[in-house]
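Numbers here are sequence positions counted from 1.
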Amino acid sequence: MATVTIKDIARLAGVSLATVSRALNNAPGVGKETQERILALCRQYGYRANRLAQGLSVNRTGIIGCILPGLDNSLFAEITLIIEQLAREHDYHVMLCRGRVEDPHISQLFDYLIGHRVEAIVLFSSSRQAPALIRRYIGRVPIVLQGSLMPSDSLPPVPVVGTDNEAGGKMAAEYLFRLGHRTVAYLGAKDQNASHALRYKSFLKTAQQLGMSVQLLFNDALYSSVEVGHRLAKQFFFQNFQETAIFASCDNIAMGVMAAAKEFHISIPEELSLIGFDNIGCTSLPNVHLTTFDPDSRKILETVLECLIEAISSPDIVKPCLRLIPPTLVERSTCQPCRLG
């Protein structure tokens with residue numbers, strides 16, 4: 001038998017379609033012996049219920065749509081694994097799509113997910129354009145934004161869950177100050193990404209309040225990749241730098257700094273202290289051991305799921321809110337007290 005349908009199972013079992021449906025959903029009205037016979041036939045012939053078709057009949061598919069900027073980024077790869085696990089714990093499945101808010105086809109992704117009857121959508125983005133995009137789909141599907149907003153950006157009428165980047169930037173400046181660093185650099189600053197903008201502006205403000213001098217190197221690329229970090233670090237090293245520490249906008253940028261430092265024979269942390277942000281998996285490796293900030297991605301995504309389930313259960317009640325999870329400093333071996341001064 002080729003593709004087995006529910007009709008085939010009903011014919012083989014000698015029962016009605018309704019009986020097969022009740023047996024598969026463990027509904028009352030089916031004898032134990034009949035149910036076991038139906039399930040055995042399903043296993044024997046490899047029948048799998050069409051979850052989407054079942055969902056259409058009860059207006060529930062159990063599918064959550066997730067739009068991420070990319071999966072080649074270590075942080076987003078880790079996020080994908082966590083949210084899939086958490087969704088399963090709540091009896092949901094995840095439909096992943098890759099797209100950036102700035103992409104011209106982003107609306108097609110929303111339409112695609114809505115067309116496949118997802119129960120809600122998580123948009124992973126800190127783009128300054130995200131609120132405007134979300135407003136176009138209010139009322140069509142529950143949405144949660146996982147990312148950051150600038151204080152000047154109007155809060156979209158949906159839950160927003162993200163890292164407290166202002167707290168992270170402040171803690172980084174204070175940490176380097178305690179270590180005696182007074183002349184520092186920030187690599188990878190971006191203005192069109194709210195997470196990065198909040199992080200570097202908070203770092204800059206706190207550092208200046210503490211009497212520190214800060215050099216900013218901006219990232220004009222779409223992504224904050226290791227390659228971008230490597231390019232920015234080479235630009236920094238060619239300037240005959242005087243800074244004693246670098247706060248990288250994220251771990252990928254920091255990894256690029258470490259690679260460039262080896263090429264320039266600059267010792268980390270003896271000659272230059274380095275902090276990252278995100279605590280991606282490779283930062284704890286013995287040959288890396290990067291001091292960084294852990295945003296607690298699991299806590300963030302647990303909060304995202306809580307907001308999603310609440311939105312799904314009450315789709316007509318819009319509850320805008322902003323929930324920020326504070327990062328934690330993870331001290332490793334790329335920072336040490338400044339020996340100058």
Side-chain angles (χ1 to χ4, degrees), residues 51-52 55-56 59-71 75-76 79-80 82-165 192-195 198 295 297-325:
R51 189 180 181 93
L52 179 59
L56 292 174
N59 201 30
R60 185 182 187 280
T61 60
I63 300 174
I64 294 170
C66 293
I67 302 176
L68 297 103
L71 296 177
L75 176 62
F76 289 125
I79 284 174
T80 298
I82 295 173
I83 198 166
E84 284 186 330
Q85 177 189 1
L86 293 174
R88 285 198 301 271
E89 292 175 2
H90 289 86
D91 196 29
Y92 283 93
H93 292 275
V94 171
M95 183 180 292
L96 292 173
C97 292
R98 182 182 64 82
R100 298 175 60 85
V101 170
E102 300 85 357
D103 294 342
H105 67 272
I106 189 68
S107 295
Q108 297 175 17
L109 290 182
F110 271 82
D111 293 336
Y112 173 83
L113 291 171
I114 293 171
H116 281 73
R117 302 295 294 271
V118 297
E119 294 193 37
I121 293 176
V122 186
L123 175 63
F124 291 82
S125 177
S126 289
S127 169
R128 304 288 296 275
Q129 301 175 34
L133 173 66
I134 288 173
R135 286 188 179 87
R136 287 156 45 189
Y137 292 92
I138 296 299
R140 295 184 61 186
V141 63
I143 300 173
V144 173
L145 174 63
Q146 197 286 297
S148 296
L149 296 172
M150 296 297 292
S152 57
D153 295 336
S154 58
L155 184 68
V158 299
V160 180
V161 183
T163 302
D164 191 339
N165 288 286
Q192 293 307 309
N193 181 291
S195 290
L198 289 168
S297 296
R298 177 167 289 274
K299 177 63 176 178
I300 289 174
L301 295 175
E302 286 174 350
T303 306
V304 166
L305 262 295
E306 290 174 8
C307 293
L308 274 179
I309 292 170
E310 183 178 354
I312 291 170
S313 62
S314 304
D316 297 327
I317 302 176
V318 178
K319 293 184 178 180
C321 63
L322 177 61
R323 301 188 187 184
L324 299 178
I325 310 301

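Counting heavy atoms from C-beta outward, Y137 and D111 have side chains that approach closer than 4.5 Å. When side chains are defined from C-beta on, V144 does not count as touching V158, because their heavy atoms never get closer than 4.5 Å. Put simply, the side chain of Q146 does not reach to within 4.5 Å of the side chain of I83, judged on heavy atoms. Side chains of P320 and V160 form no contact here, defined as non-hydrogen atoms less than 4.5 Å apart.
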Per-pair distances, 0.1 Å, donor-acceptor, side chain in residues 103-110, under 3.5 Å, sequence neighbours excluded:
unit_1 : atom_1 : unit_2 : atom_2 : d
D103   : OD2    : R100   : N      : 2.8
S107   : OG     : R136   : NH2    : 2.3

Residues 63-71 side chain polar contacts: donor-acceptor under 3.5 Å, at least two apart:
none

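Here the straight-line distance linking atom CG of L324 with atom CG of L322 works out to 4.0 Å at 0.5 Å rounding. If you take CG on N193 and CE on M150, they are separated by 10.0 Å, rounding to the nearest 0.5 Å. In this structure, L133 CG and L123 CG are separated by 6.5 Å, a value rounded to the nearest 0.5 Å. Going from atom OG of S148 over to atom CG of N165 covers 4.0 Å, rounded to the nearest 0.5 Å. Distance check, rounded to the nearest 0.5 Å: OG of S126 to CG of L145 gives 7.0 Å. Put simply, CE on M95 and CD1 on I121 are 10.0 Å apart, with the number rounded to the nearest 0.5 Å.
Here R88 pairs with nothing under the salt bridge (Lys or Arg N to Asp or Glu O under 4.0 Å) rule; sequence neighbours left out. Checked against salt bridge (Lys or Arg N to Asp or Glu O under 4.0 Å), R323 has the following partners two or more places apart in sequence or in another chain: E306. Residues passing the side chain to side chain contact (heavy atoms under 4.5 Å, CB included) test with A120, sequence neighbours excluded: P142, L308, I312. Looking at residues two or more places apart in sequence or on another chain, you find a ring pair (Phe, Tyr, Trp, His ring centres under 6.0 Å) between Y112 and H116.
Nearest approach of L305 to A87, heavy atoms of both residues: CD1-CA, 4.3 Å. Here the closest non-hydrogen pair linking L96 and E84 is CD1-OE2, 3.9 Å. When every heavy atom of P295 is checked against every heavy atom of I300, the shortest pair comes out as O-CD1, 3.5 Å.
Judged purely by atom type and a 3.5 angstrom limit, S125 uses its side chain to pair as donor or acceptor with the backbone of S127. Checked by atom type and distance alone, the side chain of Q129 never pairs as donor or acceptor with a backbone atom of E102 at under 3.5 Å.
Checked against R298 for a side chain to side chain contact (heavy atoms under 4.5 Å, CB included), the options T303, I79, I325, I82 give a single hit: I82.
For R98, the CZ atom is loosely surrounded, since the number of other residues' heavy atoms within 6.0 Å does not exceed 12.
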